[in-house]
Engineer: 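Take this structure, written in structure tokens, and hold onto it; I'll ask about it next.
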Amino acid sequence: MRPTITTGLLLVWPALALPACGPGEASSGAAEAPRDLSTGMHVVLLGTGTPNPEPEASGPATAVLVDGRAYIVDAGVGLVRRAAEAADRYGAESLTAARLDIAFLTHLHSDHTVGLPDLIHTPWVAEREAPLQLFGPSGTAAMSTHLTAAWEHDIRNRLTGRQPTTPDGWRVEAVEIDPGVIYEDDRVRVTAFAVQHTGWPEAYGFRFDGGGRSVVISGDTGPTEAVVEMCSGCDVLVHEVYSATTFLDRPPEWQSYHAQAHTSTVELAELAVRARPGILVLHHQLHWGATPEEMVAEIRAAGYDGPLAYGRDLDVY
């Protein structure tokens, strides 16, 4: 299935490079973003950044919208305000703060979790009624307990003071996961699969099935066969990547780390050829000075000629 929509910096169909444009604009030849994201499945990139503090890219966070509900993957810095911006831009009520109540963590690196206090507390102030449902690897429950304890005085003040508030919106219901189906409701089924991320005994990618589509989000990972198996013709594959060219200029100690912790453009091309996604979306890009066009060219040169987009914050697929 072709992607229903895509908006953003760069969209490249086979053998065709389309002009660049700003976030939220449709690339030349791409469909306009629909006014209604309340039906079907859509992917909204809330943050495409890395640990490097680049001002144009918030911390890694992705929303999967399915029939009017938002499911959040990872909690990078700026998450809630990016969601509010997307809600306003696309008329997506499911991304308003009070409705952010379910999230999945790929792993517990700080750049993927430093926005978690925001996701716990800000939607509560915005009158979220239900506890946040949080699914993640071992350590997720302890992290959420510490983050509510850290704001103990704030919680007590809001619960006992004059400010109108909901009694349970600050709570977190944490579930520590294993590979397999980890969540299912009347809209979506979420399957976790193990990936390889140096130093982490547990790191996950996720597959979402619902709304007539399938989406796979790699999380942080070196090249892994699990992505090929879990995508297998999925509609959207959101995958992290680093530039194989500028990698060569990195210090040896960083090369050693990145080669085991992340996936190069060349490695991703090989995976994508076999995974056959409806569209491959580059995410969490470690470019080290490479331009989007150069990173796309690296993937093309390595043999992938399928639909491809360089993801930017607030892009929709």
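Computed from a predicted structure; not experimentally measured.
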Engineer: Side-chain contact test, heavy atoms from C-beta onward, threshold under 4.5 Å: evaluate it for Y183 versus T191 and give yes or no.
Structural biologist: no
Engineer: Whether the side chain of S144 engages the backbone of A141 through a donor-acceptor N/O pair (distance < 3.5 Å, no angle test) should be reported.
Structural biologist: yes
Engineer: Indicate the atoms forming the closest heavy-atom contact of P60 with G49, along with that distance.
Structural biologist: CD-O, 3.4 Å
Engineer: Between E270 (side chain only) and V266 (backbone N and O only), is there a donor and an acceptor less than 3.5 Å apart?
Structural biologist: no
Engineer: Angle between ring planes, W151 versus H121, binned at 30° and 60°: parallel, tilted or perpendicular?
Structural biologist: tilted
Engineer: Count the heavy atoms belonging to other residues, nucleotides or ligands that lie under 6.0 Å from CZ of R156, then report whether that count exceeds 12.
Structural biologist: yes
Engineer: Among D74, L134, I182, find the one that has a side-chain contact (heavy atoms from CB on, under 4.5 Å) with F104.
Structural biologist: I182
Engineer: In the structure I gave you, are the side-chain heavy atoms of L45 and V316 within less than 4.5 Å of one another anywhere?
Structural biologist: no
Engineer: Can you see which heavy atom on S94 is nearest to which on G68, and at what distance?
Structural biologist: CB-O, 3.4 Å
Engineer: Do the side chain of T96 and the main chain of A98 share a donor and acceptor less than 3.5 angstrom apart?
Structural biologist: no
Engineer: Does the side-chain hydrogen bond (donor to acceptor under 3.5 Å, both in side chains) test come out yes or no for S243 and E298, once each step is laid out?
Structural biologist: CA-CA 8 Å; S243 168; E298 290 175 24; 2.8 Å; yes
Engineer: Could you tell me whether R312 and D315 make a salt bridge, using a distance below 4.0 angstrom between a side-chain N and a carboxylate O?
Structural biologist: no
Engineer: Hydrophobic cluster membership, with links at side-chain heavy-atom distances under 4.5 Å among I/L/V/M/F/W/Y: are L116 and V114 in one?
Structural biologist: no
Engineer: Which heavy atom of F206 sits nearest to which heavy atom of F193, and what is that distance?
Structural biologist: N-CE2, 3.4 Å
Engineer: Return yes if some donor-acceptor pair links the side-chain N/O of T140 with the main-chain N/O of E176 below 3.5 Å, else return no.
Structural biologist: no
Engineer: Start with the C-alpha distance between H239 and H262, add both sets of side-chain angles, then the distance that settles ring-ring contact (aromatic ring centres under 6.0 Å, His included), and finish with yes or no.
Structural biologist: CA-CA 10 Å; H239 204 293; H262 298 288; over 10 Å; no
Engineer: Quick test of your reading of the model: are R82 and D313 salt-bridged, counting only N-O distances below 4.0 Å?
Structural biologist: yes
Engineer: Please say yes or no: joined through hydrophobic side-chain contacts below 4.5 Å, possibly via intermediate residues, are V175 and I217 part of one cluster?
Structural biologist: yes
Engineer: Checking I299 against L308 for the side chain to side chain contact (heavy atoms under 4.5 Å, CB included) test, could you report, in this order, the C-alpha distance in whole Å, the side-chain angles of both residues, the deciding distance, and whether it holds?
Structural biologist: CA-CA 9 Å; I299 291 175; L308 172 62; 4.2 Å; yes
Engineer: Can you tell me how far OH of Y71 sits from CZ of F135, rounded to the nearest 0.5 angstrom?
Structural biologist: 10.5 Å
Engineer: Quick one: does T265's side chain have a donor or acceptor within less than 3.5 Å of a partner on A244's backbone?
Structural biologist: yes
Engineer: How far does CD of E152 sit from CG of N157, to the nearest 0.5 angstrom?
Structural biologist: 12.0 Å
Engineer: Do the ring planes of Y242 and W288 sit parallel (below 30°), tilted (30 to 60°) or perpendicular (above 60°)?
Structural biologist: tilted
Engineer: Has H42 got a side-chain atom pairing as donor or acceptor with T39's backbone, closer than 3.5 angstrom?
Structural biologist: yes
Engineer: Might you work through the side chain to side chain contact (heavy atoms under 4.5 Å, CB included) test for R207 and C234, ending with a clear yes or no?
Structural biologist: CA-CA 9 Å; R207 176 177 168 126; C234 63; 4.2 Å; yes
Engineer: Within the 4.5 Å heavy-atom criterion, are Q163 and V125 side-chain neighbours or not?
Structural biologist: yes
Engineer: Could you go through the salt bridge (charged side-chain N to carboxylate O under 4.0 Å, His left out) check for R99 and D101 one step at a time?
Structural biologist: CA-CA 6 Å; R99 295 190 60 180; D101 62 2; over 6 Å; no
Engineer: Between CD of E267 and OG1 of T224, what distance do you get to the nearest 0.5 Å?
Structural biologist: 11.5 Å
Engineer: Give the intermediate values and the outcome of side chain to side chain contact (heavy atoms under 4.5 Å, CB included) for residues L159 and W170.
Structural biologist: CA-CA 10 Å; L159 287 173; W170 63 273; 3.8 Å; yes
Engineer: Between H283 and G47, is there a donor-acceptor pair closer than 3.5 Å when you use the side chain of the first and the backbone of the second?
Structural biologist: yes
Engineer: Can you confirm whether or not the ring centre of H197 sits under 6.0 Å from the ring centre of H109?
Structural biologist: yes
Engineer: Are L282 and L271 joined in one hydrophobic group, where the rule is that I, L, V, M, F, W and Y side chains link up if heavy atoms are under 4.5 Å apart?
Structural biologist: no
Engineer: One pair to check against salt bridge (charged side-chain N to carboxylate O under 4.0 Å, His left out): R89 and E85. What are the steps and the verdict?
Structural biologist: CA-CA 6 Å; R89 177 175 294 187; E85 187 176 359; 3.7 Å; yes
Engineer: Roughly how far, to the nearest 0.5 Å, is CD of E240 from OG of S264?
Structural biologist: 10.0 Å
Engineer: Do I72 and V64 come within less than 4.5 Å of each other through their side chains, counting heavy atoms only?
Structural biologist: no
Engineer: Using the side-chain contact (heavy atoms from CB on, under 4.5 Å) definition, which of the options L132, L119, D168, I155 pairs with W124?
Structural biologist: I155
Engineer: How close do L105 and A75 get, counting heavy atoms only, and between which atoms?
Structural biologist: CD2-N, 4.2 Å
Engineer: Less than 4.5 Å apart, side chain to side chain, heavy atoms only: is that true for V73 and T106?
Structural biologist: yes
Engineer: How many angstroms lie between atom NE2 of H107 and atom CD of E202, to the nearest 0.5 angstrom?
Structural biologist: 12.5 Å
Engineer: Is there side-chain contact between M41 and L65, with at least one heavy-atom pair below 4.5 Å?
Structural biologist: no
Engineer: Closest approach of V77 and S58, non-hydrogen atoms and distance?
Structural biologist: O-CB, 3.4 Å
Engineer: Does Y90 reach the main-chain N or O of L314 with its side chain, forming a donor-acceptor pair under 3.5 Å?
Structural biologist: yes
Engineer: Run the numbers on C231 and R276 for side chain to side chain contact (heavy atoms under 4.5 Å, CB included), then give the verdict.
Structural biologist: CA-CA 8 Å; C231 176; R276 300 174 291 103; over 6 Å; no
Engineer: Out of V44, V281, V215, V238, which residue meets the side-chain contact (heavy atoms from CB on, under 4.5 Å) rule with Y317?
Structural biologist: V281
Engineer: So how far is it from R274 CZ to S232 OG, rounded to the nearest 0.5 Å?
Structural biologist: 11.0 Å
Engineer: Under 3.5 Å, is there a donor-acceptor pair linking the side chains of T165 and E127?
Structural biologist: no
Engineer: Please check if the side chain of R189 supplies one atom and the backbone of E184 the other of a donor-acceptor pair under 3.5 Å.
Structural biologist: no
Engineer: Could you report the tightest heavy-atom contact between I177 and P137, atom names first, then the distance?
Structural biologist: CG1-N, 4.2 Å
Engineer: Do V296 and V273 share a hydrophobic cluster, counting only Ile, Leu, Val, Met, Phe, Trp and Tyr and linking them when any side-chain heavy atoms are less than 4.5 Å apart?
Structural biologist: yes
Engineer: Decide whether L147 and L100 are clustered together by the hydrophobic rule: side chain heavy atoms of Ile, Leu, Val, Met, Phe, Trp, Tyr closer than 4.5 Å, transitively.
Structural biologist: yes
Engineer: So does T145 get a backbone contact from the side chain of T148, meaning a donor-acceptor N/O pair under 3.5 Å?
Structural biologist: yes
Engineer: Evaluate D185 against R69 for salt bridge (charged side-chain N to carboxylate O under 4.0 Å, His left out), listing each step before the verdict.
Structural biologist: CA-CA 11 Å; D185 61 21; R69 187 170 190 190; 3.7 Å; yes
Engineer: H284 pairs by side chain to side chain donor-acceptor pair (under 3.5 Å) with which of T48, D111, T263?
Structural biologist: D111
